[in-house]
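Below is one structure; the comments refer to it alone.
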Amino acid sequence: RTIVIVRGPAAAAAAYMAERLPADAAGVSWYADPDSGASQALDLKGAPVVIGVERGEIKWTISGVLNDPKSLESVIRTWVEY
């Protein structure tokens with residue numbers, strides 16, 4: 001399951017996701033985080049962040065921007081297949 005949390009008001013988050021979420025991205029859910037409550041609860045220090053969660057426990061995180069999108073895809077695919 002892929003969930004995207006976008007900091008900011010709901011309308012701004014909707015516009016952001018409409019521009020960036022591919023039409024074939026079935027199964028991706030997104031939520032606005034207008035008061036940064038989710039970011040604070042997860043103790044996030046910056047964005048973007050990818051978090052691997054298993055059975056309600058955070059197993060790993062990747063913070064910042066990877067220079068090569070294929071590197072990120074490899075990490076995600078390895079985790080999902082794990």
(message) Hydrophobic cluster membership, with links at side-chain heavy-atom distances under 4.5 Å among I/L/V/M/F/W/Y: are Trp30 and Ile5 in one?
(response)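 Trp30 does not cluster with Ile5.
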
(message) Assigning hydrophobic clusters by single linkage (Ile, Leu, Val, Met, Phe, Trp, Tyr; side-chain heavy-atom cutoff under 4.5 Å), is Val4 placed with Tyr31?
(response)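 Not linked; separate clusters.
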
(request) Using the side chain to side chain contact (heavy atoms under 4.5 Å, CB included) rule, pick out the option among Val50, Val49, Ile51 that qualifies with Ser63. (result)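 Exactly one pass, corresponding to Val49.
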
(message) Per the side-chain hydrogen bond (donor to acceptor under 3.5 Å, both in side chains) rule, what does the pair list look like for residues 36-47, sequence neighbours excluded?
(response)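 side-chain hydrogen bond (donor to acceptor under 3.5 Å, both in side chains) check on residues 36-47 returns Arg7-Ser39, Asp33-Ser39, Asp43-Lys45.
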
(message) Looking at every non-hydrogen atom in both residues, tell me the closest pair between Ala32 and Ala13 and how far apart they are.
(response)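 Smallest heavy-atom distance, with atoms named: CB-CB, 3.8 Å.
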
